[in-house]
Amino acid sequence: MEYMEHRKLRMGMVGGGEGAFIGNVHRMAANLDGQIELVCGAFSSNADKAKRSGEALFLPADRCYASYAEMFKAEQARDADSRMDFVAIVTPNHLHFDVAKMAMEHGFHVICDKPATFTLAEANELAAVIAKHERLFGLTHTYTGYPMVKQARDEVQKGTLGKIVKVVAQYNQGWLAASADTNNKQATWRLDPTQAGVSCCMGDIGVHAANLMEYVTGHNITEICADLHSVVSGRTLDDDGTVLAKLDNGATGIVTASQICIGNENNLTISVYGEEAGLSWRQEEPNTLLLKYNDQPTQIIRTSVGELSHESTLATRTPAGHPEGYLEAFANLYVRFTEQIRAFPEAPKGLEPIPGVEEAIRGMAFIENAVSASQSDVKWHPFKTK
Ligand SMILES: NC(=O)c1ccc[n+]([C@@H]2O[C@H](COP(=O)([O-])OP(=O)(O)OC[C@H]3O[C@@H](n4cnc5c(N)ncnc54)[C@H](O)[C@@H]3O)[C@@H](O)[C@H]2O)c1
């Protein structure tokens, strides 16, 4: 443990090869705080592409693996002073569980992109794998990493809003408004139920909005009513939808997500209303959090200005007025995960852990419950996590 405190942590990666989207974002985020070095990877299902992708990142040829199975075996066999410490999983959804399980069976901690698994049953199985192998699992719900999201959570916790009565979380995009170009690999697998799972839009972005609803309010969804659609004809999976929710304190919630809202980029917003005040935050203007009242002027809280919460301050890198953006929010998850690994098996002191297996299960439950509720004529459905 002492040794680990004086060196960078060594990361391997599965997925994120040539032409991939989020793998590169993970690498930039992991690099930002100088706590992590990428030492190996199995970057593609195609062995040649996997090797090429690793070499383009200047990794030694013997650590650019043809498959993740090969990588875990070879890394486990290495000496402790060069072996990777953890793996980042950035493949399409259907592979997450198998990769995470194999990583843990070989002794590695895991940070994985959302949705955590392909099915809810797998997410529950993942919890058993984590418990059996006593490894850490982190889930990259990116938006929880923003300073103003952390501030929003703090405002709710310290009672600024009073009792929470209503929450509206929205994530609208427009990039799937037309039939996807068959060369767009990100669109192709997201619309394919054998790779994405039971949902496209709710699984891809609705799950972020639902996670934010629970993260900011500290209240869990207990019942839902859902209406999902495939607006573009010929699609098997949803590209648009709305979920009504009841929260465990009696508040009501709305999660609305769409990938067919032309002109929307990453229009993620959350508004939380309590009996005393309301708050709202937009990811496309991340440094601003609004606190609203009926009987006094709106308060504008800005990242890095004045006295902010401990977590918000920790999540801030630049002086006021410089946007703390997507990459920084992502990096906040990585830097916290390194603290969790360094402190393991204890929890790091004074630091909130990043989303983990509980959020993995709740995220998969949100997706599966939303799909089945949408197919039902019954209005309200219990939020089942098994
Ligand atoms: N947190 C976020 O904000 C966020 C944003 C985008 C995507 N994601 C998630 O990240 C994951 C990847 O999404 P993406 O858009 O980057 O997809 P992508 O298609 O761009 O990249 C997937 C990569 O996985 C590789 N891959 C496929 N099978 C593999 C295998 N057997 N072994 C090794 N590599 C393999 C592909 O070659 C590709 O390089 C998805 O689960 C997605 O939901 C999260």
Side-chain angles (χ1 to χ4, degrees), residues 12-30 40-54 56-57 64-72 87-100 102-103 110-118 122-123 138-146 149 171 173 175-176 180 183-192 194-197 199-209 211-212 237 257 259 265-266 268 283 286 325-334 337 354-355 359-360 363-364 367:
M13 180 168 270
V14 179
E18 283 173 5
F21 166 42
I22 209 70
N24 201 32
V25 172
H26 279 249
R27 289 191 290 268
M28 289 188 274
C40 63
F43 296 100
S44 168
S45 54
N46 173 303
D48 290 339
K49 213 169 159 182
K51 293 259 174 201
R52 249 189 353 253
S53 301
L57 295 165
C64 303
Y65 297 103
S67 71
Y68 59 86
E70 185 192 320
M71 178 170 99
F72 294 135
V87 67
I89 303 175
V90 287
T91 65
N93 311 343
H94 65 302
L95 295 170
H96 292 182
F97 174 69
D98 192 50
V99 181
M102 199 180 287
V110 170
I111 189 164
C112 180
D113 221 315
K114 47 45 61 184
T117 51
F118 190 59
E122 274 186 0
L139 185 66
T140 51
H141 268 302
T142 321
Y143 305 100
T144 63
Y146 279 97
V149 169
Y171 199 154
Q173 300 176 332
W175 71 295
L176 294 178
N183 289 322
N184 183 334
K185 65 188 283 192
Q186 283 78 27
T188 305
W189 74 253
R190 279 173 172 78
L191 289 160
D192 173 3
T194 68
Q195 296 184 76
S199 163
C200 172
C201 182
M202 280 300 153
D204 200 31
I205 56 174
V207 72
H208 275 306
N211 170 262
L212 216 50
L237 301 181
Q259 291 167 318
E265 294 164 354
N266 279 286
L268 170 66
Q283 105 99 18
Y326 186 65
L327 297 177
E328 288 88 344
F330 233 118
N332 285 334
L333 300 183
Y334 267 96
F337 196 59
I354 70 169
E359 289 80 1
M364 293 313 301
I367 297 163

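Every number for a ligand or one of its atoms is a count from 1 in the order of the listing.
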request  = Would you mind reporting whether Phe330 and Ile22 have side-chain heavy atoms less than 4.5 Å apart?
outcome  = yes
Location of contacts on Asp113 toward ligand 1, heavy atoms closer than 4.0 Å = side chain
remark   = of all protein heavy atoms, closest to atom 17 (O) of ligand 1 is Trp189 NE1, 3.2 Å
query = If you measure from each non-hydrogen atom of Phe118 to ligand 1, which part falls under 4.0 Å: side chain, backbone, both or neither?
reply = neither
task = Assess Gly203 for proximity to ligand 1: is some non-hydrogen atom of it under 4.0 Å away?
result = no
task = Answer yes or no: does an N/O atom from Pro115 fall short of 3.5 Å to an N/O atom of ligand 1?
result = no
task = Please determine if Asn93 has a nitrogen or oxygen closer than 3.5 Å to a nitrogen or oxygen of ligand 1.
result = yes
inquiry  = Checking a contact table here: which protein heavy atom is nearest atom 10 (O) of ligand 1, and how many Å away?
reply    = Ile22 CG2, 3.3 Å
Which atom of Lys114 lies closest to which atom of His96, heavy atoms considered = O-CE1, 4.1 Å
request  = Would you name the heavy atoms of Cys64 and Ala50 that are closest together and state the gap between them?
outcome  = CB-O, 4.5 Å
remark   = Closest heavy-atom pair, Asp192 versus Leu237, reported as atoms and distance to 0.1 Å, is C-CD1, 4.1 Å
ask   = Can you tell me which residue and heavy atom of the protein come closest to atom 6 (C) of ligand 1, and the distance to 0.1 Å?
value = Phe21 CE2, 3.3 Å
inquiry  = I need the nearest protein heavy-atom contact for atom 21 (O) of ligand 1: residue, atom name and distance, please.
reply    = Ala20 CB, 3.4 Å
request  = Look at ligand 1 and say whether Lys49 reaches it with a heavy atom at a distance under 4.0 Å.
outcome  = no
ask   = Between Pro92 and ligand 1, is there a nitrogen or oxygen pair with a distance under 3.5 Å?
value = no
task = Between Glu18 and ligand 1, find which residue part has any heavy-atom pair under 4.0 Å and reply side chain, backbone, both or neither.
result = neither
inquiry  = With a heavy-atom distance limit of 4.0 Å, tell me whether Ala42 approaches ligand 1 through its side chain, its backbone, both, or neither.
reply    = backbone
message = Taking distance alone, with N or O pairs closer than 3.5 Å, would you say Gly19 contacts ligand 1?
response = no
ask   = Heavy-atom contacts under 4.0 Å between Phe43 and ligand 1: side chain, backbone, both, or neither?
value = backbone
task = Test Ile111 against every option in Val87, Ile89, Ile354 by the side chain to side chain contact (heavy atoms under 4.5 Å, CB included) rule and name the one that passes.
result = Ile354
inquiry  = I need the contact type for Val25 against ligand 1. Using non-hydrogen atoms and a strict under-4.0 Å cut-off, is it side chain, backbone, both or neither?
reply    = neither
ask   = So do the side chains of Val207 and Tyr171 get within less than 4.5 Å of each other, counting heavy atoms only?
value = no
message = Applying a heavy-atom cut-off of 4.0 Å, say which part of Asn46 lies close to ligand 1: side chain, backbone, both or neither.
response = neither
task = Distance to 0.1 Å, residue and atom name: give those for the protein heavy atom nearest to atom 9 (C) of ligand 1.
result = Lys114 O, 3.4 Å
task = Answer with yes or no whether His141 contacts ligand 1, where contact means a heavy atom under 4.0 Å from a ligand atom.
result = no
